[in-house]
Each structure stands twice: as C-alpha cells, then as structure tokens.
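Okay, so here's the structure we're looking at.
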Amino acid sequence: MALQLYNTLTRRKEEFAPIDPSNVRMYVCGPTVYDLAHVGNARPLIVFDVLFRLLREIYGEKHVTYVRNITDVDDKINARAAERGISIRKLTEETNAIFQADAKALGCLEPSAQPRATEHIPAMIAMVEKLLASGHAYRADGHVLFDVASMPDYGRLSRRSLDEMLAGARVEVAPYKKNPMDFVLWKPSAPDEPGWESPWGRGRPGWHLECSAMSWKYLGEVFDIHGGGIDLVFPHHENEIAQSRCAFCRDVMANYWLHNGFLQVEGEKMSKSLGNFVTIHELLHSDTFGGRSWPGEVLRLAILRTHYRQPIDFTVKALEEAEQTLDRWYDEIGDVTAADEIAPNVRDALNDDLNTPAALGELHRLAHPAIAGKAMAGLTRFGQKPVPEVLKASANALGLLLQSGSDYRAERLSVANVDEAKVNRLISSRLQARAAKNWALSDRIRDELDAMGVALKDNKDGTTSWDVKR
Ligand code: AMP
Ligand code: ZN
C-alpha cells in the first residue's frame, strides 16, 4: 500500500505524492521556548517523528528534509524573562536545552534543521515588503497588518468564512484595523523590548510570520507537508497560509496539512492555561506523576497506542501498560540486531495514515510466535528472518526498541537500585536449597529478594527468572 495521509485541507485521506521524491519536505511548528514542554506537546513531537522515520524509510534518509522551528521571539518570552529577572537569551537557551533533551529521551530523531526565529528576521522583513507591495498588507499606527479581505479564500483550511470568524471573535479589536480579523505581521517595540530595525521602524515580527519565513528559507515557497496540533489550524496555520500564498502568488503553501488530536486529562486538553499539565521533564526525572519517574520510551508507546487524530486520555494506567509491553518486547529481542526490513503488515499500517495502533497490534502478534518459537523451532522465523530481528526492526520504525535488551534491563535495575550480581548469587543459593528440599531456606532467600525489590518467577523447566518489582 502506498502512503496515504489525511489532509486537513481537503478533509480526506489522500495518497501522498511528493513534489520532488529526491527531497521530500516537511515543516512542523516547534516550541515557543519560554517554559518547559508538557506531555501534550510531546504528542506532535512523537507523531511527526514517526512520519519522518516513515518518509526516510520510503524515500531514503538523504531525501527527506524535516524542519521544526524554535520560536524565540514572543511576548510570552519577554514577560517570563522579566518575571524571572534573567535575560531573554538565557531563558530561551535554557528552555531550548531542556526541550532538546526531552525530545531525545522520547526517541525522536533530530530534525534536519531547527531554525530560530531571531536568526531569520531579514526573511520576515522581506516577506512583509512583498505583502505591502502586492496590496495584501497595510501600515497602521506603527504596525504592519495583513489585510484578510484582500485574499478571496482566506479561511479555506479552517473552513470558516470571514463572517463566521467575526461572529466567533471575542477579543477586543484594535481601532486601527480595517477588518477585525486582520493580523499583525510586524509591530513596534518599546526600547526595553527586543526589536530589529526595519523599514517601519524598530520592531518585531508577529508569530505567524515566523513560520512562513522559516519554511520559505528552508523548504521553498511550496513544500509537501505541514504539521502541528489541531489547535494550530486556526488562526496560526490559516495565517501562515495567507502570508505565504499572498507573498509568493501561489495556490498553496504546503500540499498536505496534518494535525494531531489533543492529549487530555479527564476529558480536557492538557494545557498551560488550564493548569492540568505535567512537563515532560517532570515525568522523566521526578515522581510527580503516579509517584515515580517514567522512561521516555514508555510515554512514546503510550502515545502511539492511539491514532494520532484521536484524543488520548493520559493516565498512570496507560503508562503502566506501555511499560509492561516494553518489558516483554525487550525480553523477546534480547540483544539481536534489527533485520534490514520491517514486517509488511507494520509498513501497511503506517502507510495507512500512520495507523500506529494497528502497527502495534502487529508487533504484539510478532512477539507471540517469538515466545512460542523457543519451544517450536519452526516459528522462530518470519519469512526468511528470525522473528526477534524483525520485531526489533519493525518497532524501530516507530522509534521503539531502539536500545538493546541488556541496556534496557541495566537501566531498569539502576533506576531501581538493584545489585544484579547479588541477585544472581541469591537465586543460585535458593536453587541449591530447593534441590536439597530445604524449603525453609528457599523461602527465606525469596523473602530477602522480595525486600530488595526483586520478584521471582519459577519456571516449569526448573530455572528461575526475575525482575524488579514495580
Ligand atoms: P504550544 O507550545 O502551545 O504552541 O504547542 C506546541 C505544539 O504542541 C503545537 O503543535 C500544539 O498544537 C501542540 N499541543 C499543545 N497542547 C497539546 C495537547 N494537549 N495535545 C496535543 N498536542 C498539543
Ligand atoms: Zn507555525
């Protein structure tokens, strides 16, 4: 099956056809670096990383360009830096460093480029000049505004007419706007605010303009895929489209617009403003959520269990289940090297608009014959390949099982503070005690291990396996 993607622009699943298969181009709106990313923000990171991996698999690693910007000019940044009494640069550097570490812990590949808004001000100014020259923008009260009435199909992505937008708008409208929906391209900066010299005086860009300018610089006037969370459809993506299409006289900005659904807490979107958020950093490094810390891979699997367009409820139970699955799969793969191909059903599921729940179902099926295979030699192969190798390669396609089984286990033990050599010594003493039918000693050793946080499992073949207790 060829890759199909649901396009918000047409509200249909469409077969993906890149403009240039030797350079498939994707832009995803990145973080505004004033505060740490929360678990909801992890969703677009992970979802678009899966798509990046899939595109690399289909078109070749060198033939995909993935750009995720860093918004480091924003009024929220100015306010937060002032509140904390630190420079804007220190705040954005510090926040970005944690964001990069979070993304890595979630198993995300580095995008091909992560441009910063502050480094692309000349491109933004150039776009505003184009928009002014073509009559799509006007100057008012020190600002430059986009004139929405100048674009006949403004609202096409969100499918709203100007009249509907007006009816829905609750914000107080600046008196200098021709139309209440006109939005800022450039605004003046006070002396204590960050600003750049421009033909309209010292000022700074509007948020929407940043993405139009950076996608243009890195991907060209028209590119293949533009992504982000569903909340960005209006106004952010609508306005990016308006700016880019009008500046370059084009019918489209990007051919496929993809949007992930919300990660929710008790039915509500996780967000800073609702205060119902857990930061990725807290989840990974503290016991704020569920009384313990969680590996990034567990969050990744928990998120991929739901199709990217559906809402997800974020619960401790979902993390626990994801961790149990990873434990089992890592036991299955041990330290094998990934096969050079993935299971066709996993590939088909991903090609079907990134159907990760179906892909994970296939991984579960792959893990089963591998278990049985230890007893039944015929089942240890998948086609011409051993099953664990194919399981690993197929999971890798989703950015899962990237470590070796030994590293995964060692990490678990070190987090749980368990001395592996001591555990193995106690287990062999216990096996000797059992062989000598010294049940009292065997039970005492089991209790000792229990107190160390180790759970034993006596197997039918007389061996004992163990794991740290959760
Ligand atoms: P923001 O920092 O709010 O601009 O969000 C960064 C990215 O995370 C954007 O793509 C948002 O659409 C996305 N996002 C924010 N909150 C959530 C959420 N609760 N669930 C899924 N995606 C979200
Ligand atoms: Zn954007």
Side-chain angles (χ1 to χ4, degrees), residues 8 26-49 51 66-77 80 92 95-96 98-99 102-103 106 108 111 114-117 120 123-124 127 157-158 183 185 205-219 223 225-244 253-254 257-280 283 299-300 302-304 306-315 318:
T8 308
M26 170 162 84
Y27 186 93
V28 175
C29 300
T32 302
V33 282
Y34 73 105
D35 207 345
L36 303 189
H38 60 64
V39 171
N41 304 136
R43 195 169 189 195
L45 275 178
I46 293 169
V47 163
F48 291 104
D49 179 70
L51 180 55
Y66 170 26
V67 178
R68 188 179 64 213
N69 69 293
I70 296 165
T71 295
D72 60 353
V73 205
D74 188 278
D75 290 353
K76 288 195 285 281
I77 298 178
R80 182 60 58 88
T92 58
T95 314
N96 182 44
I98 298 177
F99 176 78
D102 288 349
L106 296 175
C108 297
Q114 300 196 66
R116 288 158 183 262
H120 295 83
M124 297 173 205
M127 281 192 80
L157 179 74
S158 54
F183 57 90
L185 298 170
W207 170 41
H208 314 307
L209 184 64
E210 299 179 12
C211 287
S212 282
M214 288 185 275
S215 60
W216 169 42
K217 279 289 139 186
Y218 286 80
L219 302 174
F223 52 94
I225 299 172
H226 194 314
I230 189 83
D231 53 333
L232 298 188
V233 171
F234 186 84
H236 184 53
H237 288 169
E238 198 72 78
N239 292 349
E240 280 188 37
I241 291 175
Q243 296 161 157
S244 296
M253 173 186 187
W257 288 78
L258 268 65
H259 294 99
N260 64 268
F262 289 138
L263 180 139
Q264 304 180 327
V265 182
E266 286 161 15
E268 277 195 295
K269 174 193 174 191
M270 179 179 281
S271 73
K272 291 264 157 67
S273 53
L274 289 172
N276 60 352
F277 67 93
V278 183
T279 66
I280 304 172
L283 190 84
L299 176 61
R300 186 176 180 104
I303 284 183
L304 293 177
T306 304
H307 186 263
Y308 77 92
R309 289 193 280 119
Q310 300 300 320
I312 302 187
D313 249 322
F314 181 62
T315 58

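Remember, it's 1-based here, ligands and their atoms both numbered in the order they're listed.
A donor-acceptor pair under 3.5 Å links the side-chain atoms of Asn276 to the main chain of Ser271, judged by distance alone.
One finds an angle of 80° at the Zn ion (ligand 2) between OE2 on Glu240 and NE2 on His236, to the nearest 10 degrees. Rounded to 10°, the angle formed at the Zn ion (ligand 2) by Cys29 SG and Cys211 SG is 130°.
With Phe223 as the fixed residue, the side chain to side chain contact (heavy atoms under 4.5 Å, CB included) test singles out one of Tyr218, Tyr27, Trp216: Tyr27.
Salt-bridge check for Asp231 with Lys269: passed, with a basic side-chain N closer than 4.0 Å to an acidic carboxylate O.
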What are the distances between nitrogen or oxygen atoms of ligand 1 and protein nitrogen or oxygen atoms, counting only those under 3.5 Å?
residue: ligand 1; atom: 5 (O); partner: Asn41; partner atom: ND2; Å: 3.2
residue: ligand 1; atom: 8 (O); partner: Asn41; partner atom: ND2; Å: 3.1
residue: ligand 1; atom: 10 (O); partner: Gly229; partner atom: N; Å: 3.0
residue: ligand 1; atom: 12 (O); partner: Gly229; partner atom: N; Å: 3.1
residue: ligand 1; atom: 12 (O); partner: Asp231; partner atom: OD1; Å: 2.4
residue: ligand 1; atom: 19 (N); partner: Leu263; partner atom: O; Å: 3.1
residue: ligand 1; atom: 19 (N); partner: Met270; partner atom: O; Å: 2.9
residue: ligand 1; atom: 20 (N); partner: Leu263; partner atom: N; Å: 2.7
residue: ligand 1; atom: 22 (N); partner: Gly40; partner atom: O; Å: 3.2
residue: ligand 1; atom: 22 (N); partner: Asn260; partner atom: ND2; Å: 3.2

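Remark: Lys272 is positioned above the aromatic ring of Tyr34, its terminal NZ or CZ atom under 6.0 angstrom from the ring centre and at most 45 degrees off the axis.
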Using the side chain to side chain contact (heavy atoms under 4.5 Å, CB included) rule, take Leu209 and Gln243 through it: C-alpha gap first, then chi angles, then the decisive distance, then the call.
CA-CA 7 Å; Leu209 184 64; Gln243 296 161 157; 3.9 Å; yes

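Aromatic rings of His259 and His237 (six-membered ring for Trp) have centroids within the 6.0 Å cut-off, being under it.
Rounded to the nearest 0.5 Å, atoms CG (Asn41) and OG1 (Thr32) are 9.5 Å apart.
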